[in-house]
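Okay, so here's the structure we're looking at.
Note that ligands are numbered from 1 as they come in the structure, with each ligand's atoms numbered from 1 the same way.
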Amino acid sequence: MKRGLFITFEGIDGCGKTTQLRLLGQRLRSIGRDVEETVEPGGTAIGRLIRKILLDGANSQMDARAELLLYFASRAQNVAEVIRPAMDAGRVVLCDRFTDSTLVYQGCGRGLGAELVVQLDQIACDGLRPDITVLIDIDLQTSLARAQQRNATLQSTETRIDDESAAFHGAVRDAYRALAAGEPERFVVLDGAMKIGNVARHLWEALRERV
Ligand code: TMP
């Protein structure tokens, strides 16, 4: 059976990962690659309904374990409906966030622990792991400023996680950096303070041999 390539994009809010995912998608298509772009939470019709519940600022009473399970419910649907079939067809799958997000936000930020996240990952993703993970690292101040600007411009109600404290987002950033340091062969770490074009250039240099 053919096997595609699974590339995930990670980073704290406002790091620019979605922009970089789209630019990489365009570049890969321009050289003839067959690309599937998806997002977590979301990526399917069912996932988009789950995303609405997860990110609605009005749901401030959500229990941390309920939150954890909803992220994995969205992911299970995305793996079954979009990612696994695309991989089996030999396509390049670009996914905006995946289980590393759950490790750092719920495992670390919410204090639920990595073990629980890994167990649920086995159920939801059935052994599917990213081949390459792009981590775009930015400082907290830039992250908060960009997230606030985006929410104001889009009049977004997707504010529940953004509304967490600076300490929460700081712990998440540290957890991302620790994950990347522990798996240097999977992670490509880029400095999100660079201009968009420069981040894209560095990313392409890091990936061109592997895609
Ligand atoms: P986004 O704005 O990058 O689409 O991400 C949505 C928010 O959901 C973001 O604040 C990070 C959060 N999140 C988690 O807390 N756990 C997860 O597993 C995922 C995928 C996202």
> Heavy-atom distance under 4.5 Å between the side chains of Arg129 and Phe98, does that happen here?
Replying inline: no
> With side chains defined as the heavy atoms from C-beta onward, is the minimum distance between Met62 and Leu70 less than 4.5 Å?
Replying inline: yes
>> So for ligand 1, is Arg51 a polar contact partner (N or O within less than 3.5 Å, distance only)?
In response: yes
> Is the backbone of Ile53 close enough, under 3.5 Å, to the side chain of Asn59 for a donor and an acceptor to pair up by distance?
Replying inline: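 Looks like yes, one N/O pair under 3.5 Å.
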> Under 3.5 Å, is there a donor-acceptor pair between the side chain of Arg75 and the main chain of Ala124?
Replying inline: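 Flag not set: sc Arg75 to bb Ala124 has no pair under 3.5 Å.
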Tell me the protein heavy atom at minimum distance from [atom], and give that distance in Å.
{"atom": "atom 15 (O) of ligand 1", "result": "Gln106 NE2, 2.9 Å"}
{"atom": "atom 18 (O) of ligand 1", "result": "Thr102 OG1, 2.6 Å"}
{"atom": "atom 5 (O) of ligand 1", "result": "Arg97 NE, 3.0 Å"}
{"atom": "atom 8 (O) of ligand 1", "result": "Tyr71 OH, 2.9 Å"}

I'd like to check which ligand 1 atoms, numbered from 1 as shown, lie under 4.0 Å from a non-hydrogen atom of [X].
{"X": "Arg75", "result": "18 (O), 20 (C)"}
{"X": "Leu55", "result": "6 (C), 7 (C), 8 (O)"}
{"X": "Lys17", "result": "3 (O)"}
{"X": "Asp13", "result": "2 (O), 9 (C), 10 (O)"}

>> Counting the benzene-type ring for Trp, do Tyr105 and Tyr71 have ring centres under 6.0 Å apart?
In response: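 They do not qualify: ring centres at least 6.0 Å apart.
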>> Any donor-acceptor pair under 3.5 Å linking the side-chain atoms of Thr102 with those of Asp121?
In response: no
> Is the CZ atom of Arg65 crowded by more than 12 outside heavy atoms at less than 6.0 Å?
Replying inline: no
